[in-house]
Number of protein chains: 2
Amino acid sequence: MRHNRGDVLVRAHQLVSRYGLGALTMRRLGAELGVQPSAIYHHFANKQTLLAAVAEEILRQGSRARTCERDDWTGRLREVCSELRDAMLACTDGADVVATVWAFGMGAQAPAAELEDVLRDAGLDDGLALVGSRTLLHYVFGHAFEEQTAIQAVAAGAVERDLASLPDFWTGLDVVIDGLRARLP
Amino acid sequence: MRHNRGDVLVRAHQLVSRYGLGALTMRRLGAELGVQPSAIYHHFANKQTLLAAVAEEILRQGSRARTCERDDWTGRLREVCSELRDAMLACTDGADVVATVWAFGMGAQAPAAELEDVLRDAGLDDGLALVGSRTLLHYVFGHAFEEQTAIQAVAAGAVERDLASLPDFWTGLDVVIDGLRARLP
DNA sequence: ACCTGAACACCGTTCAAGT
DNA sequence: ACCTGAACACCGTTCAAGT
């Protein structure tokens, strides 16, 4: 009945994935593990740190092998953005978790760094690669957050919103990519 | 010592603006007004509704007159996005509040609708106007959220992050606008 | 190393009752 | 119309003490 950091993280991720971010409380997680809430603090300094680890776990579980050629920079951008999006959508409140952790500078740095690399490979200077990677990231986070919230609200019967009226992910992504293409030297 | 809905809203906004979203609790707001926490429920159905009203107040306080010509669609897009961004940045945790309320479909519809109108005026069809307005909105929310979080974290001495390394708002905005321009018929 | 048990200082919300 | 007072069912976090 003794746990290590990995056990606790898996349970925390499971709780978020099944029941949403609201279910991730130190008390409930403790109960799930059969320990006192205070026992969690032996593995994670605080809830913020735990949440950052959950975000990394969401990304880890959604990670895929790359298939695009090195010179196909638009394909590589789409591959990274799509992987990120799918990873978040695969977990209840996943977009909320990952975007929040990112905004507070606590994690999810890998996709940002990869997008930046692809844009530099494509020929953009450092400044534009930074701006471009952030613009893509904000787009993916915003779209996924909105889509996931709408889907979950409808599934919970909380709202009558029409899911078909959500803006298409790929069209918006291509808008941003086209704007970046126009800046290639 | 009796209050109406407007009084309560002004105090709630003040609390967020001065001390951040964490300071907006029903109990603290009640204390601020000199009433029991339960008294708030006579003016707002729940905290969610109150938060949506605070978001609208943030946007209302930041609203400005339009100056661009009707046919200068890129200028109009920049004007709307800039107003939205400035309104959010003017209030502690403003980006968090407005983006959250938006994502949950509880408000902040006005900027989205205005962006959509501008894009339709520019000649985009309804589908692209929807996609475009959302892409711009996600960009503005994401950028403002990240910028504000970084600024506040540095101001609070919580982190040593370099604010100069934040991506420039206008450059990213122009990337999206260029992508939209490429789709004009 | 990992956990208990108790405490501290909080939350949002409901509801009968008051003026 | 607006509010009180009390209650219910929760929170995150700390800390001395246990094995």
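Source: prediction; values computed, not measured.
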Figure out the OH/P separation between A:Tyr19 and D:dC10, and round it to whole Å.
16 Å

Nearest-Å distance for atom pair CZ/C1', residues B:Arg2 and D:dT4:
11 Å

Using the closest heavy atom to pick a nucleotide of DNA chain C for each, name whichever of A:Arg27 or A:His43 lands nearer the 5' end.
A:His43

Paired with C:dC10: which nucleotide, if any, by Watson-Crick or G-U wobble criteria at under 3.5 Å for both distances?
none

From the candidates D:dC2, D:dG12, C:dG12, the one with an atom nearest any side-chain atom of B:Tyr41 is C:dG12

Out of C:dC2, C:dT13, D:dC3, whichever nucleotide has its closest atom nearest the side chain of B:Met26
C:dT13

Any A:His3 side-chain N or O less than 4.0 Å from OP1/OP2 of C:dC3:
yes

Any donor-acceptor N or O pair under 3.5 Å, side chains B:Thr67, B:Glu79
yes

CZ of B:Arg28 versus P of C:dC11: gap in Å, rounded?
8 Å

Report yes if a side-chain nitrogen or oxygen of B:Gln36 is closer than 4.0 Å to either non-bridging phosphate oxygen (OP1 or OP2) of D:dC3; otherwise report no.
no

Check whether the side chains of B:Gln152 and B:Thr92 place a donor and an acceptor atom closer than 3.5 Å, and report yes or no.
no

Determine the interatomic distance between P on D:dA17 and the same-named atom on C:dC2; round to the nearest Å.
22 Å

Polar contact flag, side-chain donor to acceptor under 3.5 angstrom, B:Thr49-B:Asn46:
yes

In whole angstroms, how far is the C1' atom of D:dG12 from the CZ atom of A:Phe44?
16 Å

Atom-to-atom span, CD1 of B:Ile40 to P of C:dC15 - whole angstrom:
18 Å

Whole angstrom value for the distance that separates P of D:dA1 from CG of B:Asp7:
17 Å

Verify the contact: side-chain N or O of B:Ser38 to OP1 or OP2 of D:dT4, cut-off strictly under 4.0 Å; return yes or no.
no

Take atom CG of A:Leu24 and atom P of D:dC11, then tell me their distance rounded to the nearest Å.
11 Å

Please state the P separation for the pair D:dC10 and C:dA9 - nearest whole angstrom.
22 Å

Nearest whole angstrom, please: distance from the C1' of D:dC11 to the NZ of B:Lys47.
12 Å

Paired with D:dG5 by Watson-Crick or G-U wobble geometry, both distances under 3.5 Å: which nucleotide is it?
C:dC15

What is the distance from atom CZ of B:Arg76 to atom SG of B:Cys81, rounded to the nearest 0.5 Å?
12.5 Å

For A:Leu24, run the side-chain contact (heavy atoms from CB on, under 4.5 Å) check against A:Asp93, A:Val16, A:Val97 and tell me which one passes.
A:Val16

